[in-house]
Asks: 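The structure that follows is given in the form of structure tokens.
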Amino acid sequence: MQLVVTFASFFILPSLLIGSYLSKRVSKKTMLRFGLVLYVIGGVGPAFMNSIEGILIFRAILGLGIGFITPLMNALVAEYFDGEDRSKMNGLTVGVNGLSGAFFLIIGGAITALGWRGVFWTYCLWRGFAHFSIAVRAIQRDFVHLLKHV
């Protein structure tokens, strides 16, 4: 059980490195969307698995998504805010991440009482599905462009 919880962490670093390389070739918007797609797929996927190996594969995909998303949040704040506003936005970002993590931990525990698969559905709130549908189109367009110029 503990491996299922921590396995995603092993895949954050590789996606940080890949994301750094790709960020010079595709837009931040595309990178963010790509990360969100991986996040939703990796977060919800374990709900459909019957083996620990399948669950771990999707947890790895989740880690890759987190690795793409996390540095972009900081980059976007640095790009669009200056001075005191930047400090406030960084504080807000950290605060929301911390509170939402605690909130979903509590919600996840309550949902798990109904069945272990249910906890994975917390990854696909309405926002996840909205971003997923938009992201797939943008990713396809930008990565086809990237492949043409490699």
Asks: Testing the basics here: between Ser23 and Ser20, what is the closest heavy-atom pair and its distance to 0.1 Å?
Replies: OG-O, 2.9 Å

Asks: Between Leu92 and Met89, does the side-chain contact (heavy atoms from CB on, under 4.5 Å) criterion hold? Intermediate values first, please.
Replies: CA-CA 5 Å; Leu92 181 63; Met89 189 54 69; 4.0 Å; yes

Asks: Can you see which heavy atom on Leu72 is nearest to which on Leu32, and at what distance?
Replies: CD1-N, 3.4 Å

Asks: By the definition side-chain contact (heavy atoms from CB on, under 4.5 Å), identify the one residue from Leu38, Ile61, Ile66, Leu64 that meets it with Phe11.
Replies: Leu64

Asks: Kindly work out whether a path of hydrophobic side-chain contacts (I/L/V/M/F/W/Y, heavy atoms less than 4.5 Å apart) joins Tyr80 to Met31.
Replies: yes

Asks: Rounded at 0.5 Å granularity, tell me how far OG1 in Thr70 sits from OH in Tyr39.
Replies: 9.5 Å

Asks: Determine whether Ile12 and Val4 fall in the same hydrophobic cluster, where Ile, Leu, Val, Met, Phe, Trp and Tyr are linked whenever their side-chain heavy atoms lie under 4.5 Å apart.
Replies: yes

Asks: Looking at residues at least two apart in the chain, or sitting in another chain, which of them share a side chain to side chain donor-acceptor pair (under 3.5 Å) with Lys88?
Replies: none

Asks: Check ring pair (Phe, Tyr, Trp, His ring centres under 6.0 Å) between Phe103 and all other residues, then give those that pass, not counting sequence neighbours.
Replies: none

Asks: When you group the ILVMFWY residues by side-chain heavy-atom contacts below 4.5 Å and let the links chain together, are Phe81 and Val94 in the same group?
Replies: no

Asks: Against Glu79, only a single residue in Lys28, Lys29, Arg86 fulfils salt bridge (charged side-chain N to carboxylate O under 4.0 Å, His left out); can you say which?
Replies: Lys28

Asks: Please give me the minimum heavy-atom distance between Gly67 and Leu16, naming the atom from each residue.
Replies: O-CD2, 3.2 Å

Asks: What's the shortest heavy-atom distance between Phe58 and Pro46, and which atoms?
Replies: CB-CD, 3.5 Å

Asks: CZ/Phe10 to CG/Leu56 distance, rounded to the nearest 0.5 angstrom?
Replies: 10.0 Å

Asks: Which atom names give the shortest non-hydrogen contact between Arg59 and Phe120, and what distance separates them?
Replies: NH1-CE2, 4.1 Å

Asks: What distance do Leu62 atom CG and Ile55 atom CD1 have between them, rounded to the nearest 0.5 Å?
Replies: 13.0 Å

Asks: Please round to the nearest 0.5 Å and tell me the distance separating atom CD1 of Ile57 and atom CZ of Phe7.
Replies: 8.5 Å

Asks: How far apart are the closest heavy atoms of Ser15 and Gly63, and which atoms are they?
Replies: OG-O, 3.7 Å

Asks: Does Tyr21 have Arg25 sitting over its ring (NZ/CZ under 6.0 Å from centre, angle to axis within 45°)?
Replies: yes

